[in-house]
Number of protein chains: 2
Amino acid sequence: MSLKFAILGLLDEEPHYGYEIKQKFEQMMGSLWPISYGQLYPTLRKLAEEKLVTMQTVQGKKAVEKNVYSITNSGRERFLRWLGKKDKKDQLSIKDEFTLSLFFLHRLEKQQAVELLRLKAEDVKNRERTYSEEMRSHGPIYKKLLTRKMLLYIQAEQAWLQEVMVEINIDCPEA
Amino acid sequence: MSLKFAILGLLDEEPHYGYEIKQKFEQMMGSLWPISYGQLYPTLRKLAEEKLVTMQTVQGKKAVEKNVYSITNSGRERFLRWLGKKDKKDQLSIKDEFTLSLFFLHRLEKQQAVELLRLKAEDVKNRERTYSEEMRSHGPIYKKLLTRKMLLYIQAEQAWLQEVMVEINIDCPEA
DNA sequence: CACAACATGTAAGATGTTACATGATTGA
DNA sequence: TCAATCATGTAACATCTTACATGTTGTG
């Protein structure tokens, strides 16, 4: 679970409460890595159980209570050990529905298969435009590198789709 | 769950038993999408519960029993509906540990950070070589396209890593 | 005979999403 | 006053991995 380390990393800078962690994290990731409360709060509880963070309830405005989490020495140590680890998990994979469906595309009418590819290419093109524009906006260097990574991946997918379309048309020519 | 549809797609060609499905699927995917029995058998059970497949136990050699699954009309209909669907989920994401750790790299000694990047680049280069070689081997067109996709993604990551290394060195120059 | 490959499963846990449930505060 | 945002959580479900548990068959 990398969220665990993301939280530890944020708390290593300063204490935060849950709602704030979600905001900061997603802002940092530029919406490329959204997290849900259904994942966040249980994770915070587990971190507290493992004594990697401590929780303190503080009064906010009037009747509002916030649960502020701080990293412990043990947590900081754990975070740095993770950060320095050389064999981090790489999630680069192609286990998506579209790629899978390629293997069965020949069971559709040629016309429908071509249409699906066309729509996919259009979708990828739109995402390419979105991230290209985002690259032109200003922001912290790390967020920019993240956007750049996404853009490079999308362009790779775009190039691949072109190759797929050529192959599909060669494989089952129109006339 | 795309595995569900992968199974239906395989069974749409001909009946198979569990062990065989795993073999065929992984062979089809060229080891880029391994599946475990802990996932396969429960999924087959669920498909049977949903009446998308039927199971029949047949005698193999001597005392060996095989559970052969066949697709039902309902299952075939479900599969084709999925195959023709225009808005398939796209899993392209960058939620991996290495990317996350980039945001915290400045908390390591510069030397250690650079070493981590170097190791990562080396790892990516090795994977690039592996898939490049795989591209030169012969095989079915769809498997080839899959390998090609992986190769393009890896090359995108490689290019990105180069950019990251430049930025990191500019950001915190050695001397 | 031993070991690889064949064959089927379960149990526990990691990781994540979606929907539900509650209530306070702020600004239009 | 009404809606958006702030704030915290739970429950159910979906997906997937790892380890466990069992037994057969073919090959050297």
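Hydrogens, waters and symmetry mates play no part in the numbers below; they use all other heavy atoms, side chains included. Residue numbering restarts at 1 for every chain, and letters A, B, ... go by the order of the sequence lines. Computed from a predicted structure; not experimentally measured.
- The side chain of A:R45 sits closest to D:dT10 out of C:dT10, D:dT8, D:dT10.
- Not less than 6.0 angstrom separates the ring centroid of B:Y17 from the ring centroid of B:Y69.
- If you look at A:F79 and B:F104, their ring centroids are closer than 6.0 Å.
- Among the protein residues, B:G18 comes within range of the sugar-phosphate backbone only, with heavy atoms under 4.0 Å from sugar or phosphate atoms but none that close to a base.
- We find that CG of A:L44 is positioned 15 Å from P of D:dA7, with the value rounded to whole Å.
- The nucleotide whose nearest atom lies closest to any side-chain atom of A:Y17 is, among C:dG16, D:dA7, D:dT25, D:dA7.
- Straight-line distance from the CD atom of A:Q59 to the C1' atom of C:dG23: 14 Å, rounded to whole Å.
- Both B:N67 and B:Q23 lie close to DNA chain C; mapped to their nearest nucleotides by heavy-atom distance, the more 5′-ward contact belongs to B:Q23.
- Counting non-hydrogen atoms under 4.0 angstrom, B:F5 reaches nothing in the nucleic acid.
- As judged by a 4.0 angstrom heavy-atom cut-off over every strand, B:Q91 is placed among residues making no nucleic acid contact.
- Between the side chain of A:S70 and the main chain of A:P15, no donor-acceptor pair closer than 3.5 Å is present.
- With hydrogens and angles left out, the side-chain atoms of B:T99 and A:K149 include a donor and acceptor closer than 3.5 Å.
- In this structure, A:K4 atom NZ and C:dA14 atom P are separated by 8 Å, rounded to whole Å.
- In this structure, the CD1 atom of B:I7 is 10 Å from the P atom of D:dC16, given to the nearest Å.
- Distances from the side chain of B:Y19 to the nucleotides C:dC6, C:dT10, D:dT10 place C:dC6 closest.
- When the side-chain nitrogen and oxygen atoms of A:S36 are compared with OP1 and OP2 of C:dG16, none of them lie within a distance under 4.0 Å.
- Atom CH2 of A:W33 and atom C1' of C:dG16 are 12 Å apart (whole Å).
- Under the 3.5 Å distance criterion, with hydrogens and angles disregarded, no donor-acceptor pair is assigned to the side chains of B:K51 and B:N73.
- Closest approach to the B:Y37 side chain among C:dA7, C:dG9, D:dT10 is made by C:dG9 (side chain taken as heavy atoms from C-beta onward).
- Between B:E20 atom CD and C:dG9 atom C1' the separation is 18 Å, expressed in whole Å.
- Comparing C:dT25, D:dT10, C:dC6 by their closest approach to the side chain of A:Y41 singles out D:dT10.
- Within 4.0 Å (heavy atoms only), A:K95 reaches sugar-phosphate atoms of the nucleic acid but no base atom.
- Relative to the side chain of A:Q39, the nucleotides D:dA7, C:dT17, C:dG9 differ in distance, and C:dT17 lies closest.
- The CG-P distance, from A:L40 to C:dA14, rounds to 18 Å in whole Å.
- Rounding to whole angstrom units, CD of residue B:E26 and C1' of C:dA5 are separated by 14 Å.
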